[in-house]
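Notes to accompany the following structure.
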Protein chains: 2
Amino acid sequence: MDSDELRNAGLKVTTPRLKILTLLENATERHMTAETIYRLLAEGGEVIGLATVYRALAQFEAAGLITRHHFDSGQTVYELERGPHHDHIVCIRCGRVEEFYDKVIEERQREIAASLGYKLSDHALTLYGECNSPDCLAGKG
Amino acid sequence: MDSDELRNAGLKVTTPRLKILTLLENATERHMTAETIYRLLAEGGEVIGLATVYRALAQFEAAGLITRHHFDSGQTVYELERGPHHDHIVCIRCGRVEEFYDKVIEERQREIAASLGYKLSDHALTLYGECNSPDCLAGKG
DNA sequence: GTTGCAAACGATAACGATTCTCAATATAGA
DNA sequence: TCTATATTGAGAATCGTTATCGTTTGCAAC
């Protein structure tokens, strides 16, 4: 239950937090901006202050429930932390985000950090390109 | 000469642009924010409008003279584009930035993008960890 | 060397994203 | 149920960045 997730994270169980967490778990799009979350909730009849959305996301991130990504395009997206690690590829035309995992790259990163004398704690790898989805190509003109 | 670099990039040679380019070439720190550049110039007696700094950096980037990076910390830094492509490793304790290049990773990225149907145009790989420089370790307490 | 004009400049207003403030409200434990 | 405390929402404030606009500059033709 979502309320348990909040409790386990040391957060009080409040209506806004539950709504936001539930949205993150049920949305078809795994990567959303704070604005998108705010808008989707509003469209669903759950008007939650934008400030509250930001606060909740910050708390969820601190608690390890979600992860925040800053793409070079400037957009900041949040995604539920579930399943194994992965990196991202972003379409520079339509903004679409996909995930991938590559064992070879993961391994090389560890080796590189070690060879430079770093204790690796995290990494961010994002590829940028143009996707071939019909929707994206259609809007090309 | 810096003025030639500007001319070759198709940019008019102006005092502000020259000052900024020269600073980028001579600064000890290769990775600077727009604010830092503005401040360093001001400290050196060269008061250049912040808007002009941003404009020049955008033009330099468009011309391929410099590269912009958005680190997950949120800061946006610019660095002179010289020498071959490389990625970054940032110390999460002291903020130190180092560069590295790995052929294996570069190659895998191309393969991954292709396999997902993307026309790869760019990528951002940043590792985060704790470095072992004496200065950094010293300030650990 | 002067002139003309487009491009670039600086100051500041505007902007979008995010954070802060504060009075009102809701949560969780006694 | 009551109370102390954390959380909320609305809007003001802030941050980094971009746009506006009147003035100045670079530079090519004269």
Side-chain angles (χ1 to χ4, degrees), chain A residues 1-23 31-63 65-78 95, chain B residues 1-23 31-42 44-63 65-78:
Chain A
M1 204 135 78
D2 289 353
S3 47
D4 291 332
E5 283 192 65
L6 290 176
R7 257 187 290 271
N8 293 341
L11 297 170
K12 272 193 185 175
V13 179
T14 70
T15 310
R17 285 176 189 162
L18 276 174
K19 301 289 186 194
I20 294 168
L21 189 53
T22 303
L23 174 69
H31 305 85
M32 290 187 282
T33 65
E35 281 281 342
T36 303
I37 292 167
Y38 170 77
R39 188 170 41 72
L40 287 178
L41 287 168
E43 285 171 5
E46 309 288 354
V47 178
I48 292 173
L50 187 51
T52 301
V53 172
Y54 275 105
R55 269 187 297 237
L57 290 172
Q59 291 156 341
F60 292 178
E61 195 201 1
L65 293 176
I66 64 177
T67 310
R68 178 167 44 169
H69 304 284
H70 293 252
F71 295 141
D72 267 349
S73 48
Q75 64 182 324
T76 302
V77 302
Y78 299 82
Chain B
M1 205 136 79
D2 289 354
S3 47
D4 291 334
E5 283 192 66
L6 290 175
R7 257 187 291 271
N8 294 339
L11 297 170
K12 272 193 186 174
V13 179
T14 69
T15 310
R17 285 177 189 162
L18 275 175
K19 301 290 186 195
I20 293 168
L21 188 52
T22 303
L23 174 68
H31 306 84
M32 288 187 281
T33 65
E35 281 282 341
T36 303
I37 292 167
Y38 171 76
R39 188 170 42 72
L40 287 179
L41 287 168
E46 308 288 353
V47 177
I48 292 172
L50 187 52
T52 300
V53 173
Y54 275 106
R55 269 188 298 239
L57 290 172
Q59 290 155 342
F60 292 178
E61 195 201 1
L65 294 176
I66 64 176
T67 310
R68 176 167 46 166
H69 304 284
H70 292 253
F71 292 143
D72 266 349
S73 48
Q75 64 181 329
T76 302
V77 301
Y78 299 83

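In what follows, every chain begins at residue 1, and chains take the letters A, B, ... in the order their sequences are listed.
- Minimum interatomic distance between B:K19 and B:I48 (heavy atoms only, all atoms of both residues): CB-CD1, 3.8 Å.
- Every residue two or more places apart in sequence or in another chain that forms a side chain to side chain contact (heavy atoms under 4.5 Å, CB included) with A:A51 is listed here: A:R55.
- Take the nearest nucleotide of DNA chain D for A:V53 and for B:A58: the residue whose nucleotide is more 5' is A:V53.
- A:R17 and A:K12 make their closest contact through NH1-O, 2.9 Å (heavy atoms, listed as atom of the first residue, atom of the second, distance).
- Looking only at side-chain heavy atoms (C-beta outward), A:L41 and A:I37 come within less than 4.5 Å of each other.
- Contact between B:A9 and B:L65 at its shortest, heavy atoms only, is CB-CD1, 4.2 Å.
- Annotation: ring-ring contact (aromatic ring centres under 6.0 Å, His included) contacts of A:H70 (sequence neighbours excluded): none.
- Taking atom OH of B:Y38 as the reference point, atom C1' of C:dG10 lies 10 Å away to the nearest angstrom.
- Atom CG of B:L6 and atom P of D:dG26 are 13 Å apart (whole Å).
- Shown here are the side chain to side chain contact (heavy atoms under 4.5 Å, CB included) partners of B:T36, two or more places apart in sequence or in another chain: B:M32, B:T33, B:R39, B:L40.
- Residue A:H70 contributes atom NE2, which lies 11 Å from atom C1' of C:dT18 at whole-angstrom precision.
- The minimum heavy-atom distance between A:V53 and A:I20, with the atom names listed, is CA-CD1, 3.9 Å.
- Five base pairs at each end of the helix from C:dG1-D:dC30 to C:dA30-D:dT1 define two local axes, and these are offset by 30° (rounded to 10°).
- What separates CD1 of B:I37 from P of D:dG16 is a distance of 14 Å, to the nearest Å.
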Check the interface with nucleotides 5-8 of chain C: list each N/O to N/O pair with the protein under 3.5 Å, or write none.
residue: C:dA7; atom: O4'; partner: B:K12; partner atom: NZ; Å: 3.1
residue: C:dA8; atom: OP1; partner: B:R17; partner atom: NH1; Å: 3.2
residue: C:dA8; atom: OP1; partner: B:R17; partner atom: NH2; Å: 2.9
residue: C:dA8; atom: O5'; partner: B:R17; partner atom: NH2; Å: 3.3

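- Nearest approach of A:D72 to B:H69, heavy atoms of both residues: OD1-C, 4.4 Å.
- Between B:L41 atom CG and C:dC9 atom C1' the separation is 15 Å, expressed in whole Å.
- The minimum heavy-atom distance between B:I66 and B:L57, with the atom names listed, is CD1-O, 3.4 Å.
- Within 4.0 Å (heavy atoms only), A:T76 reaches sugar-phosphate atoms of the nucleic acid but no base atom.
- In this entry the distance linking CG of A:D72 with P of D:dT17 reads 13 Å, nearest Å.
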Could you pull out the protein-nucleic contacts involving nucleotides 12-15 of chain C (nitrogen or oxygen on both sides, under 3.5 Å)?
none

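- Between A:E35 and A:L50, some side-chain heavy-atom pair lies under the 4.5 Å cut-off.
- Positionally, the nearest nucleotide of DNA chain C for B:A56 lies more toward the 5' end than for the other of A:T15 and B:A56.
- With rounding to whole Å, A:Y54 atom OH is found 9 Å from C:dG16 atom C1'.
- As rounded to whole Å, 15 Å separates atom C1' of D:dT25 from atom NZ of B:K19.
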